[in-house]
Each structure stands twice: as structure tokens, then as C-alpha cells.
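Naming convention: chains lettered A, B, ... in sequence-line order (proteins, then strands); numbering from 1 in each chain.
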There are 2 protein chains.
Amino acid sequence: MGAKTSKTRSMLLDAAEELMRENGYAAVTSRKLAAKAGLKPQLVHYYFRTMDDLFVALFQRVGEFLLRRQEQVLQSEHPLRAIWELSNNPTGVVLSYEFVALANHRKAIRSEIAEFGERFRKNQAKILRTAMERSGIDTKAWPPSAVAAILELVARGLGLEDALEISGGHRELRKLVDRLIEELGG
Amino acid sequence: MGAKTSKTRSMLLDAAEELMRENGYAAVTSRKLAAKAGLKPQLVHYYFRTMDDLFVALFQRVGEFLLRRQEQVLQSEHPLRAIWELSNNPTGVVLSYEFVALANHRKAIRSEIAEFGERFRKNQAKILRTAMERSGIDTKAWPPSAVAAILELVARGLGLEDALEISGGHRELRKLVDRLIEELGG
DNA sequence: GTCTATACTTCGATAGAC
DNA sequence: GTCTATCGAAGTATAGAC
């Protein structure tokens, strides 16, 4: 079993991330992966016992990256807008839905995603509560955890529809969100 | 190439739908499909030239079903609640995200989904506009197409998170949605 | 019109060489 | 610690029998 610090290992994760984004999780096979990284297929199994292990390792890497980005949001001048843009980013959205599809039938991935999702949501709610109290919004009528969920789900959903080339209502929706963020954060 | 009316053909589609729901799109292979339906793998290719053709046929079947359900919503006593429940339904949500993942890298599926998505969104917006005007909501400040998008994205996102066993903010969110639907539709 | 025998490609994973 | 030779199972698809 290869070392976690190995350069080769992180090259494999890079290739896996790219393949997954471009061609979906089903395209992440030991052979295609190795071809992309210029390595032999068997090496994949040296660094990751099973393909599931590889997916879990990749998800953890992505998850840690997102949590670091989220901490930067806390220090941002416009936290609400930063939250929105973090979840709306199109390349991130496509990758995240690949993991979701994987999670639908692989328990190891599902529990990773669930754990990350709860943590991420909790942080968002905390950031939101501060911003809302500062703006004098009634946090009883609009619980920050619920608003955080709406904000994230809409941002991600919109990004996904962009990737799928669905655009109905998007112009109006973006304008509406802009206005609401302005009201909440201004 | 087999007849579209064939009993065997629709059995294959049934099995494909079930497999996709339970084990994800990658589990829909000619062999597994045939095993589930008690048939020979080669039969899959008799009724559907390629696996992509099968996915497209299945999506069209599901899409037509949903559009029929949507028409019933029009005649419902509580259209807003009916819209919400149509998109929030957990078994439907899981299947729909499998198709989304497929669409990320198969053009034939993507254009099917895009076409369906636009049609569905447009219908929702029409239902919503009627309901909102009846309740005296300002449809300039709240464009029905944007509200339709929010409603659908949140409903589907919430259903998805339920399937993934993420629950942060859900209780508060459902309560909030209940209240808003009440205000809009009461 | 319906189904099967068969080809041949690609898969994950292990056992063992360096 | 790093990488390779190799295996058996599973994948799609076609050519041809009934």
C-alpha cells in the first residue's frame, strides 16, 4: 500500500477529479485513470485498495478544500454573497452531483457526504445568523438554518441547471437573489 | 429491432428503472438488467440498439408521466402544495439525480433533460402566476418563473438530502415552507 | 418478429518481481 | 516502498438461428 504523501498518489487523485468532472464517475476506472496520469493501471490499486477507497479519498480532499474556503467566507466583507458564489460555482456543482450519484448506492461515500453536508450547513447557518442579526432580520420567522438550506440548495440547483443548459426563470431568479442578498447584507 | 409495443420491452424498462433507483445508473448493464427481468442479456440490444438508447427511452417514459401529473396539479384544490409534493417526492428525486449525473457526460440524455426541464418549469410558472395573482402577491417583485425555480430546486434538494441522510435545517425549512405556502395559497 | 451463440473489449484486483 | 504480469469476471454489441 503506497504512502499517503506520495507524489504519484496525488497525481492519481488529480486525474480522477478531472475524469469525474468531464466524463462522470463511471469513467473513473483504473485503466482510464492510469492512462490520463501516464501510469500503469495496477498502480491505482497500489495506492487505493479498491476504487471505492479512491472515491472516498478524493471526496475528503475536496471536502477539506471547501471547508477552508468556507472559513474565508467568514472573514469576507460580503459573507452572504460569498456564500452564494461558493455554492453556485459551476465546476464545483458538476463534481458534487457526481459524488451524490455515487452516494446513492455506495454506503462509504454516502456517510462521508452526510457528515460533510451537516458540518457545512451548520457553518453556513452560523455565518448567516450573524449577518441577519446585524441587519435586524427576524431570526425566529426566518431561522438561519432554514435560510442557509434554501440559499445553498438554490445556488447549487441553479449551477446544475446551467451545466445542463436549462435556463427557464434564471434571469429573474438571479435578479431576485441579488436583491434579497442586498437587503439582508446591506 | 423489437417492436415498441412489446411486453418484453416494457419489462426491460421497468427493470432498468428499478436498478437505476436502487443501484445507480452504472448498475444498468445489459447483464444485470437481463438477470433482473429473467431474460438473456442480448435481448437488451434487440430492443435498444445501445445502452444510451435505453436511457433515453426510459427518461422519456418518466418525463411523460411527470407532465401528466403536473396537469393534474392544475386542477388540484391546493396547487402550490401539490407542486411542492410533486418535486419533493423522495423516490422521484433519487431517480432524477441519476439522470442528471448521466446527462453530465452523455449529450443525448442532456438534451432530453434540458427540453423536459424547460417545459416543466414553464408550466410550473403558469400555475404559480395564477395562484399568486389570486392571493394578491406582487408578481413584479416576485416573478413567478423565479419563484417556480426556487420552489422546485428547494423541494428537489431537500428530497435529495433526505435520501443522503442529511437533515441540518430540514425541520425549520419544512415549517417555513408550510407557512409560506399557506400565505401564498390561503 | 423474437431471441441466442459468440466475439472481443474493458473491468477490478492480486500475486509476485524489483 | 514501488511497480508489473496476469487472471477471471463483466461489459457492449453483432451476426445469425428460429
Side-chain angles (χ1 to χ4, degrees), chain A residues 1-20 22-59 98-99 101-109 112, chain B residues 1-59 98-99 101-109:
Chain A
M1 191 92 311
K4 282 224 174 186
T5 54
S6 158
K7 184 84 189 164
T8 308
R9 192 187 127 107
S10 76
M11 271 172 59
L12 283 170
L13 287 177
D14 292 344
E17 187 175 333
E18 213 178 313
L19 259 179
M20 205 166 166
E22 290 170 354
N23 303 102
Y25 73 81
V28 182
T29 68
S30 47
R31 284 172 151 81
K32 294 206 185 97
L33 206 48
K36 186 153 207 134
L39 301 165
K40 295 277 163 77
Q42 305 92 313
L43 264 177
V44 175
H45 294 283
Y46 169 58
Y47 287 101
F48 309 94
R49 201 177 60 82
T50 67
M51 294 307 285
D52 264 32
D53 289 345
L54 179 142
F55 284 121
V56 168
L58 180 57
F59 181 80
E98 287 296 329
F99 277 115
L102 258 178
N104 277 338
H105 54 282
R106 304 218 199 178
K107 237 178 70 185
I109 310 277
E112 286 292 330
Chain B
M1 192 92 310
K4 282 224 172 186
T5 54
S6 157
K7 183 85 189 163
T8 309
R9 192 186 127 106
S10 75
M11 271 173 58
L12 283 171
L13 287 177
D14 292 344
E17 186 174 333
E18 213 178 313
L19 259 179
M20 206 166 167
R21 220 189 285 280
E22 290 170 354
N23 303 101
Y25 72 82
V28 182
T29 68
S30 46
R31 280 174 149 86
K32 293 206 187 95
L33 206 50
K36 186 153 206 135
L39 301 165
K40 295 278 162 76
Q42 305 92 311
L43 263 177
V44 175
H45 294 283
Y46 169 58
Y47 288 102
F48 310 94
R49 200 177 62 79
T50 68
M51 294 307 285
D52 264 32
D53 289 347
L54 178 142
F55 283 121
V56 168
L58 180 56
F59 182 80
E98 289 296 331
F99 277 114
L102 258 179
N104 277 337
H105 54 282
R106 304 217 201 180
K107 237 178 72 185
I109 310 277

Inset, instruction - Can you tell me the distance, in whole Å, between the NZ atom of B:K4 and the C1' atom of C:dG1? - result: 17 Å

Distances under 3.5 Å between protein N/O atoms and the N/O atoms of nucleotides 5-7 of chain C, please, pair by pair.
from  : atom 1 : to    : atom 2 : distance (Å)
C:dA5 : N7     : B:Q42 : NE2    : 2.6

Inset, instruction - Take atom CG of B:L54 and atom P of D:dG11, then tell me their distance rounded to the nearest Å. - result: 14 Å

Legend entry - Contact nearer the 5' end of DNA chain D, comparing B:H45 with A:Y47: A:Y47

Legend entry - Stepwise side-chain contact (heavy atoms from CB on, under 4.5 Å) test for B:V56 and B:F59: CA-CA 5 Å; B:V56 168; B:F59 182 80; 5.8 Å; no

Inset, instruction - Apply the side chain to side chain contact (heavy atoms under 4.5 Å, CB included) test between A:V28 and each candidate in A:V44, A:L54, A:L58, A:N23; give the one that qualifies. - result: A:L54

Inset, instruction - Find the distance A:R9:CZ to D:dG1:C1' and express it as a whole number of Å. - result: 15 Å

Legend entry - Rounded distance [0.5 Å steps], CZ in B:F55 versus CG in B:D52: 7.5 Å

Legend entry - d(CE, A:M11; P, D:dC3) in whole Å: 10 Å

Inset, instruction - Under 4.0 Å between any heavy atoms, over every strand shown, what does A:S6 touch: base, sugar-phosphate, or nothing? Just pick one. - result: nothing

Inset, instruction - Taking only the side-chain heavy atoms of A:L43 (C-beta and beyond), determine which of D:dT12, C:dT4, D:dC3 contains the nearest atom. - result: D:dC3

Legend entry - Short side-chain N/O contact to C:dT2 OP1/OP2 from B:Y46, under 4.0 Å: yes

Legend entry - Between C1' of C:dA13 and CG of A:L33, the distance in whole Å: 15 Å

Inset, instruction - Side-chain contact test, heavy atoms from C-beta onward, threshold under 4.5 Å: evaluate it for B:T8 versus B:Y46 and give yes or no. - result: no

Legend entry - Check: A:Y25 and B:N104 side chains under 4.5 Å, non-hydrogen atoms: no

Inset, instruction - Give one of base, sugar-phosphate or nothing for B:T8, where a contact means two heavy atoms less than 4.0 Å apart. - result: sugar-phosphate

Inset, instruction - For A:F55 and C:dG12, give me the distance from atom CZ to atom C1', rounded to whole Å. - result: 12 Å

Inset, instruction - Determine whether A:R9 and A:K4 make a side-chain contact, defined as any pair of heavy atoms from C-beta on separated by less than 4.5 Å. - result: yes

Inset, instruction - Provide, to the nearest angstrom, the distance between the CE atom belonging to A:M51 and the C1' atom belonging to C:dC11. - result: 10 Å

Legend entry - Any donor-acceptor pair under 3.5 Å from A:H105 side chain to A:A101 backbone: yes

Legend entry - Phosphate OP1/OP2 of D:dG11 contacted by B:S30 side-chain N/O (<4.0 Å): no

Legend entry - Length of the CG-P vector between B:L39 and C:dT2, whole Å: 13 Å

